[in-house]
There are 4 protein chains.
Amino acid sequence: MAEKTKTTFAQGQLRALVERIERLEEEKKSIAGDIKEVYAEAKANGFDTKILRKVISLRKKDASERQEEEALLDVYLAALGMPESREAAE
Amino acid sequence: MAEKTKTTFAQGQLRALVERIERLEEEKKSIAGDIKEVYAEAKANGFDTKILRKVISLRKKDASERQEEEALLDVYLAALGMPESREAAE
Amino acid sequence: MAEKTKTTFAQGQLRALVERIERLEEEKKSIAGDIKEVYAEAKANGFDTKILRKVISLRKKDASERQEEEALLDVYLAALGMPESREAAE
Amino acid sequence: MAEKTKTTFAQGQLRALVERIERLEEEKKSIAGDIKEVYAEAKANGFDTKILRKVISLRKKDASERQEEEALLDVYLAALGMPESREAAE
DNA sequence: CACTGGAAAATGCCGC
DNA sequence: GCGGCATTTTCCAGTG
């Protein structure tokens with residue numbers, strides 16, 4: 001029966017998708033826990049975690065800003081017909 | 001010079017902490033990307049991602065509800081002066 | 001001078017917005033204080049505030065669960081191509 | 001029956017407390033909604049709400065607190081060899 | 001007074 | 001591109 005086969009197949013697929021997602025979210029959560037532990041350790045060593053978080057977020061911002069610059073640079077280089085020129089600059 | 005040694009040590013510690021955190025956040029982000037990919041794949045196979053997300057969140061909610069029930073039980077037991085009664089249930 | 005006028009106008013607007021927001025946050029804070037007082041009064045009358053808080057949060061959760069169910073229903077109806085079917089139920 | 005009277009009284013009290021708290025939380029929520037509206041209006045008038053929020057939160061913090069945080073942040077950033085990183089962040 | 005847990009705020013993400 | 005929603009992060013009050 002074609003319909004049933006299709007439905008069954010879709011069910012199996014769905015099940016597999018849900019499992020994969022839940023597995024990945026599990027991993028993500030676990031890593032989040034690890035991060036928390038590192039902050040706890042930092043605090044135990046006398047660091048101010050609030051400031052530490054700010055430091056991390058500043059560095060993140062710097063990085064993404066740099067990425068933007070690089071993306072823009074790529075656009076300019078591409079416009080000049082020099083698409084791979086800046087590979088070496090990394 | 002003791003002070004300088006201490007400062008240097010703290011610097012090294014800070015550096016190490018920042019690196020560990022950033023490494024872990026990298027991993028977390030990568031997994032988030034994987035999850036996104038699974039949703040994309042689901043969509044490509046004809047699944048409605050909005051519903052799929054609902055399914056995932058419902059299952060998550062069921063899990064947290066169970067936890068909430070246990071927390072409530074703890075509160076009630078504590079209120080009855082039986083703080084450790086359900087230790088064994090863990 | 002058009003530019004200055006525009007700038008001045010924007011300044012006045014900004015000032016007004018900030019004042020309105022700060023005023024509202026003041027009110028919000030005041031109400032939070034009232035809530036605190038009610039809990040204090042409850043405690044003075046022999047109620048266990050921890051349990052009281054649980055009760056409140058459970059009732060809140062029940063409410064949001066109802067909403068969640070309706071949202072889920074919407075998603076399903078939409079998936080079945082019946083986007084406005086339950087408008088009347090609001 | 002004294003016990004029953006006491007219990008009934010407590011029930012009525014509890015009910016009243018719960019209602020008062022829920023009423024206040026309702027008001028609080030309503031004001032939060034008003035605040036959201038003001039931000040929406042600000043955005044509609046061309047203001048960057050993200051910056052606007054930052055303005056509000058800066059005004060909330062008192063000056064000396066801000067100075068302390070900034071000083072400590074500078075120390076951390078200097079330890080990481082990023083002395084100028086936070087110029088732009090404010 | 002430090003810690004934990006829960007509320008509020010902020011950010012990011014998805015679909016339209 | 002934006003508005004709304006969900007997640008994440010931050011903050012704060014209560015507790016021991």
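The structure presented is a predicted model; accordingly, all values stated were derived computationally and were not measured. Note on naming: letters A, B, ... go to the chains in the order of the sequence lines (proteins, then strands), and numbering restarts at 1 for each one.
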Tell me, please, which residues at least two apart from D:E25 pass salt bridge (charged side-chain N to carboxylate O under 4.0 Å, His left out). C:K60

Strictly under 4.0 angstrom, non-hydrogen atoms only: write out the protein contact profile of nucleotides 6-16 of chain F, one letter per nucleotide from the 5' end, B, S or -. SSSSSS--SS-

For a 4.5 angstrom cut-off between non-hydrogen side-chain atoms, does D:T7 reach D:Q11? yes

For C:K50, check side chain to side chain contact (heavy atoms under 4.5 Å, CB included) against everything at least two apart and list the hits. B:V75, C:D48

D:I51 CD1 - E:dT11 C1' separation (whole Å): 14 Å

Expected list for residues 31-38 of chain D: side-chain donor-acceptor pairs under 3.5 angstrom, two or more places apart:
none

Close residues, residues 13-21 of chain C, relative to DNA chain E [heavy-atom separation under 4.0 Å]: none

Would you mind writing out the side-chain donor-acceptor pairs for residues 51-59 of chain C within the sub-3.5 Å range, not counting sequence neighbours?
unit_1: C:S57; atom_1: OG; unit_2: C:K54; atom_2: O; d: 3.3
unit_1: C:R59; atom_1: NE; unit_2: D:E22; atom_2: OE2; d: 2.6
unit_1: C:R59; atom_1: NH2; unit_2: D:E22; atom_2: OE1; d: 3.1

Can you sort out the partners of C:R23 under side chain to side chain donor-acceptor pair (under 3.5 Å), two or more places apart, ordered by chain and number? C:E27

For D:K61, what residues pass the side chain to side chain donor-acceptor pair (under 3.5 Å) criterion, not counting sequence neighbours? D:E69

Show every salt bridge (charged side-chain N to carboxylate O under 4.0 Å, His left out) that has at least one partner inside residues 9-20 of chain D, sequence neighbours left out. C:E41-D:R20

